[in-house]
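Notes follow the structure.
Hydrogens, waters and symmetry mates play no part in the numbers below; they use all other heavy atoms, side chains included.
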Number of protein chains: 2
Amino acid sequence: MGEGIGSVEKASRGGWKQDPEGVRSNIVAVAMAEFAQNGLSGARIDEIAAKTLTSKRMIYYYFGDKEGLYRTVLEEAYRKVRSGEQELDLEHLAPDAALARLVEFTFDHHSSNPDFIRIVMIENIHHGAYLEQSDLIATLNEGAIRKLEQICARGRAAGLFRPEIEPLELHWMISALSFFNVSNRPTFSRIFGPALFGAEGQKTLRGHAVEMVMRFVKA
Amino acid sequence: MGEGIGSVEKASRGGWKQDPEGVRSNIVAVAMAEFAQNGLSGARIDEIAAKTLTSKRMIYYYFGDKEGLYRTVLEEAYRKVRSGEQELDLEHLAPDAALARLVEFTFDHHSSNPDFIRIVMIENIHHGAYLEQSDLIATLNEGAIRKLEQICARGRAAGLFRPEIEPLELHWMISALSFFNVSNRPTFSRIFGPALFGAEGQKTLRGHAVEMVMRFVKA
DNA sequence: ACGACAATGTACGGGACGGTTAATTATGTC
DNA sequence: GACATAATTAACCGTCCCGTACATTGTCGT
C-alpha cells in the first residue's frame, strides 16, 4: 500500500489539468497489486479499472491489452526492486563483512517486497515468456552481479575466500534462500507450522542464511 | 508424460466394463498436467475434458467443480512425490554421508518432478488456501522430518554435527535450494543466462547445495 | 428378468470478462 | 477563436467458459 495513487510532476509545458503520467502510473500501481494478488489470468481488468482513479478505457488506451499491462507491471516491479538494491554500499567493508551484509540485506529486502516475489513467481509459472520479450532486464543483470564480483575478488585477494567461488553461483544461493523464504511461506507454514516465520524464526533463518554462505566461501 | 492414461485394477467385485476408478484417475492425471501448466484460473475445464478419455460431465460428477478437482490434484501431487521419497533408506550410512545423500536426492527429486514444483508454486500464489482445507497433508509432515531428526541425532551423538542444529531448519534450507533451482529457472535463466541449468551447471549447483549444508552442520 | 442406481454422453444456458465503438472534453497551435 | 490532437467517458458487444438438465446405458441384487 503506502502512497497508492502515484502522482508525477509535469516537466515539459506549463500547468496541466489532465495528467497522463499520473493516470498511467496509477494504473500500473493498481495493476501490480492486482496481478501480484491474483496472477495474470486470475486478475480482472474490470477489477483493476474499478480500483483505479480512471476508467477501463484508459488501460487499453495506454497498454493495448491485458498482456501489455502485465508486461509493464513486470518491468516496473523489477525496476522498483533493483533500484532499492542500489542504496547498499559495501566498498568500505571487509570482504567477509560485506558478503554477510549483502546476504542479510537480500534476505530482508525480499521479505519486505512480497508483491515483487509474487510477480516473479507468476512470471515463472508462465515460463518467463513475458520477461523474454523485455530487453530492459538484461541490464539489471550487471548491477546485481557486479557487487558480488567485487566482493569475491577482494575476498580471494585477502585469502579469506576459496578461489574457485563463482559470483553467479553465489548469487543463486543467496537468491534461493531469500526467495524461497517468502515464496513458499504459505505451504511450508501450513505443513510444518508457522514457527519459522514469526519474528524469532525469521531472525534465526536469516542468521542461518548468512552462516551458510559464509561457511561456503571460507577458505 | 510417461504412462499418461492411468488404469487401475478392480479389487472388489468381478470384472467390470465400466471403470470408475480408471476414469477418475485418468481425469486427475490430465488435470494435474493442465493445472501445473496453466494454473488454477488459467486451466480450462473444457481443455482438460478434451484430453481425457471421458467427458466433461464426469469431471463434475466426480469432483463437483473446478476447485474440487484442483484440491484433489493438489493432494495427489503431494502424495505422489512423498511416496517417491520413501524409497530412500539412509540408516546404513554414516550421519554425514546420509545427510549428503539426502540433499543430493532431494535436489534430483525436485528436478525430476517439475509439475509438482509448479503445483506447489501455484498453491503458494493462492496463499495455500486449498492446502489449508486438506488434513491429509499434516501426516506428510512426519515422514519428511523424521529422516532428518534421526540423521541429526546420530550426527550429534557422533560429534560430527553441531548440537544446536534443528532438523526443521535444515529441511528449510535443503528445500529452498532444491525448490528454487526448479521454480525460478525461467527468470533466472533469462536474466543470467542458461549456463547453470545445463547438465554441467546442475551438477555444480547440486554439489554446492551439498557443500553448503555439510559445512553448515559441521561441528 | 427387472427394478434401482451408478456411470456416462450430449447439448445448452447464463454470466463473467476482455476488448471496442463512438462520442466528449481538455490542450496546444496558428 | 478555430482547428488538430491528446485524453477521457460511458455504453456496448461477442465470446469464452463454468456449470447443469436431460437422456441413456451399463451393473448389481433378488
Do the charged groups of E85(A) and R82(A) touch, with an N to O distance under 4.0 Å?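 Salt bridge present between E85(A) and R82(A).
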
Ion pair R146(A)/E149(A), N-O distance below 4.0 Å: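 Salt bridge absent between R146(A) and E149(A).
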
Does [X] have a side-chain nitrogen or oxygen under 4.0 Å from the phosphate oxygens OP1 or OP2 of [N]?
X: S55(A); N: dT9(D); answer: yes
X: T54(A); N: dA7(D); answer: no
X: Y61(A); N: dG19(C); answer: no

If I take atom [atom1] in residue [X] and atom [atom2] in nucleotide [N], what distance separates them, rounded to the nearest angstrom?
X: Y70(A); N: dG18(C); atom1: OH; atom2: P; value: 15 Å
X: R24(B); N: dA6(C); atom1: CZ; atom2: P; value: 15 Å
X: I27(B); N: dT8(C); atom1: CD1; atom2: C1'; value: 11 Å
X: I48(A); N: dC17(C); atom1: CD1; atom2: P; value: 12 Å
X: M58(A); N: dG19(C); atom1: CE; atom2: P; value: 16 Å
X: I59(A); N: dA7(D); atom1: CD1; atom2: P; value: 16 Å
X: N38(A); N: dA16(C); atom1: CG; atom2: P; value: 16 Å

Do any pairs count as a salt bridge (Lys or Arg N to Asp or Glu O under 4.0 Å) and have a residue in residues 23-44 of chain B, sequence neighbours left out, and if so which ones?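 Listed by first then second residue: E34(B)-K51(B).
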
With a 4.0 Å cut-off on heavy atoms, is F63(A) in touch with a base, just the backbone sugar-phosphate, or nothing at all? nothing

Nearest-nucleotide wise, let me know which of L40(A) and R57(A) is further upstream toward the 5' end of DNA chain C. L40(A)

Taking Y130(B)'s backbone N and O only, do any of them form a donor-acceptor pair with E123(B)'s side chain (distance below 3.5 Å, no angle check)? yes

With a 3.5 Å distance limit and no angle check, can you tell me whether R190(A) reaches the backbone of S134(B) through a side-chain donor-acceptor pair?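 Answer holds: yes.
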
Could you tell me whether H171(A) and F188(B) have their ring centroids closer than 6.0 angstrom?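 Yes - the distance between ring centres of H171(A) and F188(B) falls below the 6.0 Å cut-off.
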
Where K66(A) and L40(A) come nearest, the two heavy atoms and their spacing: NZ-O, 2.9 Å

Could you pull out the protein-nucleic contacts involving nucleotides 15-19 of chain D (nitrogen or oxygen on both sides, under 3.5 Å)?
from: dC17(D); atom 1: OP1; to: R44(B); atom 2: NE; distance (Å): 2.6
from: dC17(D); atom 1: O5'; to: R44(B); atom 2: NE; distance (Å): 3.4
from: dC18(D); atom 1: OP1; to: A43(B); atom 2: O; distance (Å): 3.3
from: dC18(D); atom 1: OP1; to: R44(B); atom 2: NH1; distance (Å): 3.2
from: dC18(D); atom 1: OP1; to: K66(B); atom 2: NZ; distance (Å): 3.3
from: dC18(D); atom 1: OP2; to: I45(B); atom 2: N; distance (Å): 3.0
from: dG19(D); atom 1: OP2; to: Y60(B); atom 2: OH; distance (Å): 3.3
from: dG19(D); atom 1: OP2; to: K66(B); atom 2: N; distance (Å): 3.0
from: dG19(D); atom 1: N7; to: K56(B); atom 2: NZ; distance (Å): 3.1
from: dG19(D); atom 1: O6; to: K56(B); atom 2: NZ; distance (Å): 2.4

